[in-house]
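Quick notes on the structure that follows.
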Amino acid sequence: MIFIAATLSYLIGSIPFAVIFTHRHGIDVRKVGSGNPGFANSVRAVGIVKALPVLVADIGKGWVGAYFALALGGGWWAAIFAVVGHCFSPWLKFNGGKGVATFIGVALFAIPLITMSGMLIWLLTFLIFRITSLASLLSIAIILIGVWWFMPTLLLEFSVVLTIILFKHLKNIYRISRGFEYKF
């Protein structure tokens, strides 16, 4: 059952909503800005209002992936496959976004109050620095600290997700450290 739950969660997570929604506006998000098929690059491609459905859909697929993974008895290991699907989508030749919004969806299902705190940190960091990658990394770290403190049974699974997200952000981390990361 774990395999079926993980596969379903992966397939739900793999739906490339950034590509789908920006294509509706005549743009391939993979060919503009950073080339990343995620929310931040969708904002660059089509603007915040037209990109909001990408954010909602990416968060939603994390939540739905977690719901079905747990409903099928796959547990949290199966649930985090929604993030793996987003980051390594078979529809995009195993490429994909950086996984932050999809992880937020999984985390909202698991630990809503801690996740909302992380989302608040994202917003404050973004408003101060105008750097989405920095805001994303700090919010994920806050969520992980909250998990460690309040729900340590999820720490291993969420740490694996953080590792994937950090891997997907290596270029951003390099640019942040050099002071030339893209600002909104």
Side-chain angles (χ1 to χ4, degrees), residues 2-69 72 74 76-109 119 122 126 131-137 139-140 143 157-176 181-182 184:
I2 292 173
F3 178 76
I4 292 169
T7 301
L8 181 59
S9 182
Y10 174 82
L11 289 173
I12 291 167
S14 73
I15 301 168
F17 285 115
V19 174
I20 294 167
F21 285 121
T22 58
H23 182 73
R24 290 177 42 204
H25 300 288
I27 295 172
D28 185 346
V29 70
R30 297 166 296 175
K31 296 188 172 149
V32 298
S34 67
N36 184 57
F39 171 66
N41 202 41
S42 296
V43 171
R44 291 181 200 107
V46 297
I48 185 74
V49 173
K50 292 178 183 175
L52 278 176
V54 174
L55 178 62
V56 171
D58 282 352
I59 291 172
K61 71 184 181 183
W63 195 94
V64 170
Y67 172 82
F68 280 115
L72 292 172
W76 289 107
W77 279 112
I80 65 170
F81 270 84
V83 180
V84 176
H86 179 83
C87 294
F88 306 102
S89 174
W91 319 117
L92 303 176
K93 299 179 183 176
F94 297 97
N95 196 0
K98 296 185 178 173
V100 175
T102 305
F103 172 69
I104 293 295
V106 172
L108 275 170
F109 187 84
M119 293 167 74
W122 186 96
F126 178 75
I131 301 173
T132 58
S133 57
L134 178 63
S136 295
L137 292 168
S139 68
I140 297 299
I143 292 169
E157 292 91 335
F158 280 27
S159 295
V160 169
V161 170
L162 178 62
T163 303
I164 293 167
I165 291 171
L166 284 171
F167 172 75
K168 295 292 277 188
H169 278 87
L170 286 177
K171 290 179 183 175
N172 302 89
I173 293 167
Y174 175 79
R175 288 192 299 265
I176 290 168
E181 176 65 310
Y182 181 83
F184 277 89

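- Separating the OG atom in S14 from the CG atom in L92 is a distance of 8.5 Å, to the nearest 0.5 Å.
- Aromatic ring pairs are classed by plane angle as parallel below 30°, tilted from 30° to 60° and perpendicular above 60°; the pair F184 and Y182 is perpendicular.
- For the pair S9 (side chain) and A66 (backbone), a donor-acceptor distance under 3.5 Å is absent.
- Across A78 and A6, no two heavy atoms sit closer than the pair CB-N, 3.6 Å.
- Between the side chains of K168 and N36, not a single donor N or O lies within less than 3.5 Å of an accepting N or O.
- The OH atom of Y10 sits 6.0 Å away from atom OG of S89, with the distance rounded to the nearest 0.5 Å.
- Across F88 and I164, no two heavy atoms sit closer than the pair CE1-CG2, 4.0 Å.
- Going from atom NE2 of H169 over to atom NZ of K98 covers 5.0 Å, rounded to the nearest 0.5 Å.
- Minimum interatomic distance between G33 and N41 (heavy atoms only, all atoms of both residues): CA-OD1, 3.4 Å.
- Of all the heavy atoms in F21 and P53, the pair that sits closest is CE1-O, 3.7 Å.
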V64/F68 under side-chain contact (heavy atoms from CB on, under 4.5 Å): CA gap, chis, key distance, verdict: CA-CA 6 Å; V64 170; F68 280 115; 3.5 Å; yes
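- Counting only distance, with no hydrogens or angles, the side chain of K61 and the backbone of I15 share a donor-acceptor pair below 3.5 Å.
- Note that R44 lies outside the cation-pi zone of F39, set by a 6.0 Å cut-off to the ring centre and a 45° limit from the axis.
- Minimum heavy-atom separation, V106 to G62: CG2-O, 3.3 Å.
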side-chain contact (heavy atoms from CB on, under 4.5 Å) between S133 and E181, worked out: CA-CA 8 Å; S133 57; E181 176 65 310; 2.6 Å; yes
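- Heavy atoms only, all atoms of each residue included: S139 and S136 are closest at OG-O, 2.9 Å.
- The number of heavy atoms from other shown groups lying within 6.0 Å of CH2 (W91) does not exceed 12.
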side-chain contact (heavy atoms from CB on, under 4.5 Å) between H23 and D28, intermediate numbers included: CA-CA 6 Å; H23 182 73; D28 185 346; 5.9 Å; no
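- I12 CD1 to L8 CG: the interatomic distance, rounded to the nearest 0.5 Å, is 4.0 Å.
- The structure places CZ of F3 at 9.5 Å from CZ of F81, a figure rounded to the nearest 0.5 Å.
- Atom OG1 in T22 sits 11.0 Å away from atom NZ in K31 (nearest 0.5 Å).
- When each of I140, V160, T102 is checked for a side-chain contact (heavy atoms from CB on, under 4.5 Å) with I165, only I140 meets the rule.
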I143 and I104: CA distance, side-chain angles, deciding distance, side-chain contact (heavy atoms from CB on, under 4.5 Å) verdict: CA-CA 9 Å; I143 292 169; I104 293 295; 3.6 Å; yes
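- Within 6.0 Å of the CZ atom in F17, the count of heavy atoms belonging to other residues, nucleotides or ligands exceeds 12.
- Annotation for I173: atom CD1 counts as buried by contact number, over 12 foreign heavy atoms lying within 6.0 Å.
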